[in-house]
Number of protein chains: 2
Amino acid sequence: MTISTTLPIPNIPASTFPKVVIVGAGFAGLKLARKLIKKEFQVILLDKNNYHQFQPLFYQVATAGLEPSAISFPLRKIFHHAKNVIFRMAEVKYFDADQKRLVTDIGHIDYDYLVLAMGGDTNYFGSKNIEYYAAPMKTVSEALYIRNKVISNYERAINIEKVENRKYLMNVVIVGGGPTGVELAGAMAELRNTILPKDYPELSFANMKVVLIEGGPELLGPMSTEAKSHALKYLEELGVEVLLNSRVLDYDGQIVTLNGDVFLETQTLLWAAGIKPNKIDGLSVDHYAPNGRIYVDSQSQVKDCPGVYALGDISLLIEEKYPKGHPQVAQVALQQAENLAINLIALQKGKPLKPFQYKDLGSMATIGKKRAVVDLPYLKFQGLFAWLTWLFVHLMAILGVKNRLFVFLNWSWNYLSFDPSLRLLIKPKYVRESERKELIEER
Amino acid sequence: MTISTTLPIPNIPASTFPKVVIVGAGFAGLKLARKLIKKEFQVILLDKNNYHQFQPLFYQVATAGLEPSAISFPLRKIFHHAKNVIFRMAEVKYFDADQKRLVTDIGHIDYDYLVLAMGGDTNYFGSKNIEYYAAPMKTVSEALYIRNKVISNYERAINIEKVENRKYLMNVVIVGGGPTGVELAGAMAELRNTILPKDYPELSFANMKVVLIEGGPELLGPMSTEAKSHALKYLEELGVEVLLNSRVLDYDGQIVTLNGDVFLETQTLLWAAGIKPNKIDGLSVDHYAPNGRIYVDSQSQVKDCPGVYALGDISLLIEEKYPKGHPQVAQVALQQAENLAINLIALQKGKPLKPFQYKDLGSMATIGKKRAVVDLPYLKFQGLFAWLTWLFVHLMAILGVKNRLFVFLNWSWNYLSFDPSLRLLIKPKYVRESERKELIEER
């Protein structure tokens, strides 16, 4: 790693404050940067994108319920009045812990504290075919891609005479029985039940299957039995085929092969099954757990790596209560970030540090309109009130008054009209290699 | 043209009504289709996209004021309750006037009436360099591309040390002094004056030029002298450099060469200078005027081509009052469509036909916030009231209650906050060949 060849990132104002470099503006990175506004640090926040993405609502972008912009927030806007926070759009390459230097595609930067919060990407568990043909949903663009793929599949199906030959274009198969998969399946089923038949009177949607595949014996793994059973009931009432104890063995872009010689015909395999922490060069192999997460101590510091911290999905803190580490969810990321902000300030003032303690605020998932399952620490409930709770909690979590307002209006509109008007194939759309080939073959 | 090889478009319901095939769902094509709802025709509406685009507001998409979805409307939604109108997403190839058959990429269709309403595309007047490097704005995706290009240029500029070397990334040059160019220039200047400095405190926007280039001696050619002079005044007050009697001779992606050895440094050349009617094979060369428009009679029928009609930007009706044909604007397209709808119905009933007569309702353009110029048949006014008039007229012209509501809310928000929050580089963005090369070079 010849660091000497890189130049420093230009136009970083001089500062006497210690430099905190944050990699990634997801829940963890953004929260930390905001907590350090007007504190005695110079904060440099780096991200591949110039906006923060609100992951919990990706599935609504994918199902034409929300615009990408409604759940994406421009990072520069957040820091208009924060003179000590500097944002740069950059891809990180590696860092050198001895030199305390991070190298990116726009140059290098020397840090006092480096915070790794790069989050995770889709985990295909090594299947090249699935990675090539399936559609992931880990970014807002990927969610938008799913929307475009589904809509263009119907525009194609309508030009096919034989009902048989349309199936693979109309069926939607979702892999992963976590909240994302469950919410996506519910919303897709609702599209099929309410809107698509109006849009495509020539197609019979009795032929359209929405299938949800889960490897384990039940949906929503960590949630309560009540939540699990209700989620399953709600999905089945919406007409979702739920396949439990099923694993995807292979996929060729048309046929999904499951264990037990089960085959599903679909052109649309949505992969919400696994997460793989993003990596950065600079750590040795023994910093990583087998699942790719980075071992941290109770201050979120990377083991034996003073000045380097890891937050959120990429971090792994082993505790008695969490022998496999904390769940890879927004709540953990946000709480770790708050804890680290407090500790960085304490460090500077030579005050004692506060170990991270996760406070589980509960979890929830929504299934279609008017139904959700909610597990709170001392209270579990399902149905309409759970749905309203879900709406409120997510609305409040959205960044920015405008986004919050527009999401609220969209939800009200969609709820009242039962007809999101976002079924637009704004082209040129995000074409993945597999799709491009296919499109050419079509011509 | 071996028509025998193509198959008919599948799944078109049988109908005893005469078939009206409409090519293009712009202002003209969509209006005609809507006028024929529940009339005794089977209407087949074809378009490249599955949505109608509201062209007059493209410039607001380009300047991050509106989302594409706010000015795009899903075509299928419009015809949910119109059993006699069928939509297909398709690219037309050619038609055979003798066989009365239109051939598309999804098959052929036999028509009783064929209506050509393909509109126009950007006219680079033969300059390959300009076509390759300049950014057009004739579709909502092209408008979105402009937004992404401008934003990513600032994200790049911020990583350049020397002010000199940033200029070409920061300057914006707009070609064409019609309403589009004028409105785009005004909105870009406002971005520079209000929002960009907040987003990029490290950059000095005194260095950012917004230049508007017009080949003729004045802006807004066909409008009144009052309108022209006020538009010029407003633009200059916003800090737009207006170059009249200037023609772009060449552009290499960095330097714009104008007549009189004037050179402008910019990476962002926005081309709003000309329109070129879209063509379809099937007509002989003498059906076309030198400018590519199709000669039609006062019933919008293509000369010597019974059953084939042309509407909107592609049509050319020579009249005493309009020796060069009607202006290529939405009003003409809409009125032609209404007239044709009436005449098609009359034809079926053997009633006399009504010749098209253009009623000029006036024209308007807005320059930044709170200012516009309006020419009505008997009334001309400028300034704040003109701007409110512009807002109202455009709002009412937008299709769909939801889009209208959301555009209104966006406008109110942007006006009050002076800060559109749509500065998102949602990737992978529309990358044109020229840009792609450049991005690779950057790496």
Side-chain angles (χ1 to χ4, degrees), chain A residues 9-13 48-51 67-70 72-74 76-77 80-81 83 86 88-90 105-107 139-141 144-145 151-152 155-156 158-161 198-203 400 402-403 405-406 409-410 413 417 419 421-431 442-443, chain B residues 9-13 48-51 67-70 72-74 76-77 80-81 83 86 88-90 105-107 139-141 144-145 151-152 155-156 158-161 198-203 400 402-403 405-406 409-410 413 417 419 421-431 442-443:
Chain A
I9 296 176
N11 307 319
I12 303 283
K48 290 198 298 291
N49 298 311
N50 73 339
Y51 52 89
E67 266 310 278
S69 61
S72 313
F73 197 83
R76 295 190 172 280
K77 192 176 154 87
H80 273 179
H81 305 293
K83 291 205 165 38
I86 296 143
R88 283 290 192 283
M89 221 170 88
D105 62 346
I106 60 169
T139 69
V140 71
S141 344
L144 191 58
Y145 166 79
I151 295 170
S152 47
E155 294 296 342
R156 285 166 59 193
I158 209 160
N159 294 316
I160 294 173
E161 207 120 20
K198 282 194 248 161
D199 266 7
Y200 302 93
E202 301 96 323
L203 298 174
K402 186 191 175 189
N403 284 13
L405 171 70
F406 276 66
L409 290 167
N410 258 295
W413 184 276
S417 74
D419 189 352
S421 63
L422 299 178
R423 305 187 293 282
L424 312 161
L425 269 176
I426 306 253
K427 285 189 242 169
K429 63 176 196 283
Y430 165 24
V431 179
E442 258 185 287
R443 292 273 155 268
Chain B
I9 296 176
N11 308 320
I12 303 283
K48 291 199 297 293
N49 299 312
N50 72 340
Y51 52 90
E67 265 310 279
S69 60
S72 313
F73 197 83
R76 294 190 174 280
K77 192 176 155 86
H80 273 179
H81 305 294
K83 292 203 164 35
I86 295 143
R88 284 290 191 283
M89 217 169 91
D105 62 347
I106 60 169
T139 69
V140 71
S141 345
L144 191 58
Y145 166 79
I151 295 170
S152 47
E155 294 295 344
R156 286 165 60 191
I158 208 159
N159 295 317
I160 294 174
E161 206 118 23
K198 281 193 250 163
D199 267 6
Y200 303 93
E202 302 97 322
L203 298 173
K402 186 190 175 188
N403 284 10
L405 171 69
F406 277 66
L409 289 168
N410 258 294
W413 183 275
S417 73
D419 188 352
S421 63
L422 300 178
R423 305 187 293 283
L424 312 162
L425 270 175
I426 308 254
K427 289 186 213 164
K429 65 177 195 287
Y430 166 24
V431 178
E442 258 185 287
R443 292 274 156 266

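Small disclaimer: the values here were computed from a predicted structure and weren't measured. Each chain gets a letter, A, B and so on, in the order its sequence line appears, and its residues count up from 1.
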key: Under 4.5 Å from any heavy atom of chain A - which part of B:I9   = side chain
request  = List the atom of B:S141, the atom of B:Y51, and the distance in Å for their closest heavy-atom pair.
outcome  = OG-OH, 4.1 Å
message = Using a 3.5 Å distance criterion without hydrogens, assess whether the side chain of B:N403 forms a donor-acceptor pair with backbone atoms of B:S72.
response = yes
task = Heavy atoms only, distances under 4.5 angstrom: which of B:I86, B:I158, B:I160 has the most pairs with chain A? Name it, please.
result = B:I158
key: Side chain, backbone, both or neither of A:E202 within contact of chain B (heavy atoms, under 4.5 Å)   = side chain
message = Less than 3.5 Å apart, any donor N or O on the side chain of A:N159 or B:R88 sitting next to an acceptor on the other?
response = yes
inquiry  = Please find the pair of heavy atoms, one from A:K198 and one from B:H80, that lie closest to each other, and give the distance.
reply    = O-CD2, 3.2 Å
